[in-house]
Asker: 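Got a structure for you, questions after.
Both backbone and side-chain heavy atoms feed into the values below; hydrogens, waters and symmetry mates do not. In listed order, ligands and their atoms are each counted from 1.
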Amino acid sequence: MGLALAACVKAYNCIFTTSDKQSKEKIDILRALGAEVIVCPTNVPADDPRSYYSVAEKLSSETPNSVWCNQYDNLSNREAHYYSTGPEIWEQTEGKITHLIVGVGTGGTISGTGKYLKEQNPNIKIWGIDTYGSALKKYHETGEFDEEEIYPYITEGIGEDIIPANIDFDIIDHFEKVSDKDGAVMTRRLAREEGLLLGYSAGSAMAGLLQLKDRLDDNSMAVLIFHDSGTRYINKVYNDEWMKQNRFI
Ligand SMILES: Cc1ncc(COP(=O)(O)O)c(C=O)c1O
């Protein structure tokens with residue numbers, strides 16, 4: 001979304017590749033801003049020529065005078081969080097934060113924010129939220145990229161079938177996996193019980209924190225990052241039929 005807005009202001013042509021599991025609203029909003037969106041199949045390996053990673057790379061090599069932003073491996077991603085999100089959280093908690101909980105996709109948010117916060121106070125714990133079907137947690141714990149860990153899942157925005165350069169595994173203390181169902185159910189609870197209409201990965205982050213609650217005590221100040229608003233998920237987690245189709249309710 002940020003890139004699409006910047007492209008409008010700078011009069012650049014912007015082309016996005018995405019996977020067909022992403023909500024329709026996300027694609028519609030990008031197109032509304034004049035961007036071109038190419039929708040690629042989700043259930044193919046990352047190195048398959050049809051994957052959204054491969055299509056983006058090929059487009060950039062074939063398009064003269066183009067830049068491939070590549071959110072996965074372009075370290076400007078995590079740097080932006082080092083200079084913005086990290087200081088914002090440190091200042092707003094007056095340095096009292098003890099735990100940061102973040103859903104991990106490209107790893108830009110957790111790595112940049114976490115690095116800044118650990119530089120201020122090395123005792124702050126940085127916990128990443130992962131999905132079942134993603135290779136990240138096992139890679140963090142064993143150093144092994146295990147393809148057996150990878151299978152299609154429904155949660156949007158977190159978990160990976162690649163190891164993005166933006167993930168700084170050294171600053172992450174723990175990865176917690178959250179199921180598609182637990183994330184979806186918690187997303188709805190946050191709306192109805194807290195009045196927070198948030199995206200699917202926000203529910204996963206909160207569900208993950210509750211799975212880890214015994215590691216917190218009265219002196220803890222845990223900060224969760226909620227990555228998205230709920231309007232793009234109205235026809236998914238907020239829709240009873242969709243929830244029933246996926247056997248989540
Ligand atoms: C909805 C949502 N949640 C979480 C994330 C994960 O953030 P990051 O890519 O910085 O790890 C993303 C990333 O785009 C996202 O779109």
Asker: Among all protein non-hydrogen atoms, which one is nearest to atom 14 (O) of ligand 1, and what is the separation to 0.1 Å?
Answerer: Gln71 OE1, 4.5 Å
Asker: With only distance considered, is Asp228 within less than 3.5 Å of ligand 1 through an N or O on each side?
Answerer: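 No, since none of the N or O atoms of Asp228 sits under 3.5 Å from an N or O of ligand 1.
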Asker: Please could you name the atoms of ligand 1 that Val104 approaches to less than 4.0 Å, counting only its heavy atoms?
Answerer: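 Counting from 1, the qualifying ligand atoms are 11 (O).
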Asker: What residue and heavy atom of the protein are closest to atom 13 (C) of ligand 1, and at what distance?
Answerer: Gly157 O, 3.8 Å
Asker: Salt-bridged, Glu36 to Arg31, with N to O below 4.0 Å?
Answerer: no
Asker: May I ask whether Gly103 places a heavy atom under 4.0 Å from ligand 1?
Answerer: yes
Asker: Give the residue and atom name of whichever protein heavy atom lies nearest to atom 7 (O) of ligand 1, and the separation in Å to one decimal.
Answerer: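 Result: His227 NE2, 3.2 Å.
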Asker: Give the residue, atom name and distance (to 0.1 Å) of the protein heavy atom nearest atom 3 (N) of ligand 1.
Answerer: Ser201 OG, 2.6 Å
Asker: Would you call Arg232-Asp228 a salt bridge at under 4.0 Å N-O?
Answerer: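 Yes, charged N to carboxylate O under 4.0 Å.
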Asker: Looking at Tyr233, which atoms of ligand 1 are within less than 4.0 Å of one of its heavy atoms?
Answerer: 1 (C)
Asker: Considering the heavy atoms of Gly107, write down every atom of ligand 1 situated less than 4.0 Å from one of them.
Answerer: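 Ligand 1 atoms under the 4.0 Å threshold to Gly107: 8 (P), 9 (O), 11 (O).
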Asker: Output yes when a side-chain donor or acceptor of Gln211 lies under 3.5 Å from a complementary backbone atom of Lys177, and no otherwise.
Answerer: yes
Asker: Check Leu198 against Tyr238 and note the closest heavy-atom contact, atom names and distance.
Answerer: O-OH, 2.6 Å
Asker: Out of all atoms in ligand 1, which are within 4.0 Å of some heavy atom of Thr106? Include the element for each.
Answerer: 8 (P), 9 (O), 10 (O), 11 (O)
Asker: Using a cut-off of 6.0 Å, state whether more than 12 heavy atoms not belonging to Phe145 lie near its atom CZ.
Answerer: yes
Asker: Taking the six-membered ring for Trp, are Tyr116 and Tyr82 closer than 6.0 Å centroid to centroid?
Answerer: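 Yes; Tyr82 has its ring centre under 6.0 Å from that of Tyr116.
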Asker: Students often mix this up, so state it plainly: with edges at 30° and 60°, are the rings of Phe175 and Phe169 parallel, tilted or perpendicular?
Answerer: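 Geometry flag for Phe169 against Phe175: tilted rings.
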Asker: Pairs of nitrogen or oxygen atoms closer than 3.5 Å, one from His81 and one from ligand 1: do any exist?
Answerer: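 No; every N/O pair is 3.5 Å or more apart.
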Asker: Atom CD of residue position Glu147 - does it have more than 12 heavy atoms of other residues, nucleotides or ligands inside 6.0 Å?
Answerer: no
Asker: May I ask you to list the atoms of ligand 1 that are less than 4.0 angstrom from any heavy atom of Gly108?
Answerer: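 Under 4.0 Å from Gly108, ligand 1 has these atoms: 10 (O), 11 (O).
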Asker: Under 4.0 Å from a heavy atom of Thr109: which atoms of ligand 1 are those, numbered in the order shown and with their elements?
Answerer: 7 (O), 8 (P), 10 (O)
Asker: Taking 4.0 angstrom as the limit, do Arg188 and Asp240 come out as a salt bridge?
Answerer: yes
Asker: Ile158: heavy atom below 4.0 Å from ligand 1, yes or no?
Answerer: yes
Asker: Check if Phe226 has a non-hydrogen atom at a distance under 4.0 Å from any atom of ligand 1.
Answerer: no
Asker: Among Lys236, Lys21, Lys24, which one satisfies salt bridge (charged side-chain N to carboxylate O under 4.0 Å, His left out) with Glu156?
Answerer: Lys236
